[in-house]
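Have a look at the structure below, then the notes.
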Amino acid sequence: MCYTSLIKRIIPFALTFAVGLFVASFFVSIAFPNPSWRSGRRFNRFHEIQRLRVENDELREKLRQARMSNEELRRNIDDSDFAIPEAVPPVDLGDHHPPPPPRKPKQPRFEIVQ
């Protein structure tokens, strides 16, 4: 007779748990995880880190070459003479006049009394 109250509590729990698993199965796989997933993730992570290291080395080399190129261009600029007298044409300011000032506004026809 004591078992009836225990059964009355276990059956609703089991049914609720089963419905919960059924609903969760739509969103998440409830199968046992594959034990090799950790090693696969480590392997992928290792390759990603290696790829990033190689990419960083390539970028460092490109940066070094760009700096060397910039230094060479700076040295060449100092050696060459860029004084071109006709680079900017002369501007004759005598021909240009400023525009006339705006006209004075007309007086209002009536005064505003305050």
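Note that the structure is a prediction, hence the values are computed from the model and not measured.
Note that the CG atom of Leu63 and the CG atom of Asn70 stand 9.5 Å from one another [nearest 0.5 Å]. Note that CZ of Arg67 and CD of Glu71 are 9.5 Å apart. Values are rounded to the nearest 0.5 Å. Atom CZ of Arg64 and atom CG of Leu59 lie 13.5 Å apart (nearest 0.5 Å). For the atom pair CG of Asn44 and CD of Glu48, the computed distance is 9.0 Å after rounding to the nearest 0.5 Å. Interatomic distance, Thr4 OG1 to Arg9 CZ, rounded to the nearest 0.5 Å: 11.0 Å.
A 4.5 Å side-chain heavy-atom check between Leu15 and Val19 finds every atom pair outside the cut-off. For the pair Glu61/Glu58, no side-chain contact is recorded, criterion being any heavy-atom separation below 4.5 Å from C-beta on. Between Arg51 and Val54 the shortest side-chain heavy-atom distance does not fall below 4.5 Å.
Side-chain atoms of Thr16 come within 3.5 Å of backbone N or O of Pro12 as a donor-acceptor pair.
If you chain together hydrophobic residues whose side chains sit under 4.5 Å apart, Phe22 and Val28 fall into the same group.
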